[in-house]
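These notes concern the structure reproduced below.
Computed from a predicted model, the values in this text were never measured in an experiment. Naming: A, B, ... by sequence-line order, numbering from 1 per chain.
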Protein chains: 2
Amino acid sequence: MKIGELAKRSGLTAHTLRYYERIGLLPPAARDVSGNRDYDESILRWIEFLGRLKATDMPIRNMLRYAELRARGESTGTERRELLAAHRDGVRMRIAELQIGLQILDAKIAAYG
Amino acid sequence: MKIGELAKRSGLTAHTLRYYERIGLLPPAARDVSGNRDYDESILRWIEFLGRLKATDMPIRNMLRYAELRARGESTGTERRELLAAHRDGVRMRIAELQIGLQILDAKIAAYG
DNA sequence: ACTTGACTTGGAGTACGCTCGAAGTTTTAT
DNA sequence: ATAAAACTTCGAGCGTACTCCAAGTCAAGT
């Protein structure tokens with residue numbers, strides 16, 4: 001799969017895919033005979049997971065830490081779990097904060113009505 | 001109250017308070033005899049509300065729209081309510097998205113354990 | 001054969017929301 | 001009286017996460 005197709009299937013642009021590779025979020029892509037990036041299906045699962053981390057506001061530098069641990073192999077499991085657990089706790093707090101905001105908005109909107 | 005005290009009491013820096021005034025989020029401050037900003041207590045409630053909008057990820061340009069409507073007076077009530085209602089809907093969707101992310105994180109973390 | 005489109009790299013530019021520095025004046029405390 | 005702290009404006013700089021352009025190569029379709 002070339003970068004254009006991966007772009008379509010992943011929902012990212014080719015620009016962004018190259019950017020992610022450049023900064024280390026994606027592993028260096030294999031190349032075909034003419035030097036174009038040639039992706040394996042499996043990259044889609046990784047991109048999807050990155051998308052989840054992003055959707056929950058994990059900053060790129062932390063995704064990068066996770067990506068590096070992942071690249072280092074099995075032995076980094078504990079660290080990875082800890083990283084995700086810390087992130088999860090942050091997400092929980094963020095949800096709580098948004099719920100408070102929601103209540104205040106509801107009250108304010110009601111006051112206008 | 002001068003800007004330093006307002007900074008302390010609002011949790012924003014003096015720099016940020018001036019920045020907010022510059023872009024129109026805060027009304028032009030009254031000045032004392034020597035030209036320094038002289039704030040009224042009431043500004044704190046407005047800043048707090050702005051903080052809530054910010055905490056729920058409203059972009060500054062929308063806060064600005066709200067601030068402008070507010071400055072135009074009573075007749076803009078309906079528009080303001082609509083703006084807040086649209087924002088509230090966005091917050092609801094964001095919470096839902098984060099909750100999905102949370103489930104996925106929980107599953108992933110469990111898989112590490 | 002030729003046009004169109006996809007790909008390559010490197011680097012510059014963008015949007016958001018601050019954040020800070022410079023240079024100068026005024027206020028406050030000792 | 002003097003030194004330190006707080007205020008002023010204007011404009012530049014920063015961190016994050018892209019986003020895009022230039023200039024060139026390569027591939028596929030008619």
Item to complete: Let me know the distance between CG of Leu17(A) and P of dA17(D), rounded to the nearest Å.
Response: 17 Å
Item to complete: Answer yes or no: is there a donor N or O on one side and an acceptor on the other, between the side chain of Thr56(A) and the main chain of Arg52(A), under 3.5 Å?
Response: yes
Item to complete: Output yes when a side-chain donor or acceptor of Trp46(A) lies under 3.5 Å from a complementary backbone atom of Pro27(A), and no otherwise.
Response: no
Worksheet item: Using 4.0 Å as the upper bound for N to carboxylate O, is an ion pair formed by Arg94(A) and Asp89(A)?
Response: no
Worksheet item: Is Ile23(A) touching bases, backbone alone, or none of the nucleic acid, heavy atoms closer than 4.0 Å?
Response: nothing
Worksheet entry | Residues from residues 52-66 of chain B lying under 4.0 Å of DNA chain D - heavy atoms | none
Detail all sub-3.5 Å separations between protein N/O atoms and N/O atoms belonging to nucleotides 19-24 of chain D.
none

Response to the item:
Rounded to whole Å, the NZ-P distance (Lys2(A) to dC7(C)) equals 6 Å
Response to the item:
The residue among Ile104(B), Leu98(B), Asp106(B) that forms side chain to side chain contact (heavy atoms under 4.5 Å, CB included) with Leu102(B) is Asp106(B)
Item to complete: Please examine the side chains of Tyr39(A) and Arg37(A), heavy atoms only from C-beta on, and report whether any two atoms are closer than 4.5 Å.
Response: yes
Worksheet item: Can you hop from Ile100(A) to Val91(A) via hydrophobic side chains spaced under 4.5 Å?
Response: no
Practice prompt. Before accepting this row, confirm whether a basic side-chain N of the pair Asp40(B)/Arg45(B) lies closer than 4.0 Å to the acidic partner's carboxylate O.
Written response: no
Worksheet item: Is it true that a side-chain atom of Thr76(B) and a backbone atom of Arg72(B) form a donor plus acceptor pair closer than 3.5 Å?
Response: no
Worksheet item: Charged N to carboxylate O under 4.0 angstrom, Glu79(B) versus Arg70(B)?
Response: no
Worksheet entry | Shared hydrophobic cluster for Tyr112(B) and Phe49(A) (ILVMFWY, side-chain gaps under 4.5 Å) | yes
Item to complete: Check the distance between dG5(C)'s P and Glu5(A)'s CD and give it to me in whole angstrom.
Response: 19 Å
Response to the item:
Separation of dT9(C) atom P from Ile3(A) atom CD1, nearest Å, is 8 Å
Worksheet item: Taking OP1 and OP2 of dC18(C), is either one under 4.0 Å from a side-chain nitrogen or oxygen of Tyr20(B)?
Response: yes
Worksheet entry | Any donor-acceptor N/O pair, Thr16(B) side chain to Leu12(B) backbone, under 3.5 Å | no
Worksheet entry | Near-strand residues of residues 24-44 of chain A, defined as heavy-atom separation under 4.0 angstrom from DNA chain C | Arg31(A), Gly35(A), Asn36(A), Arg37(A)
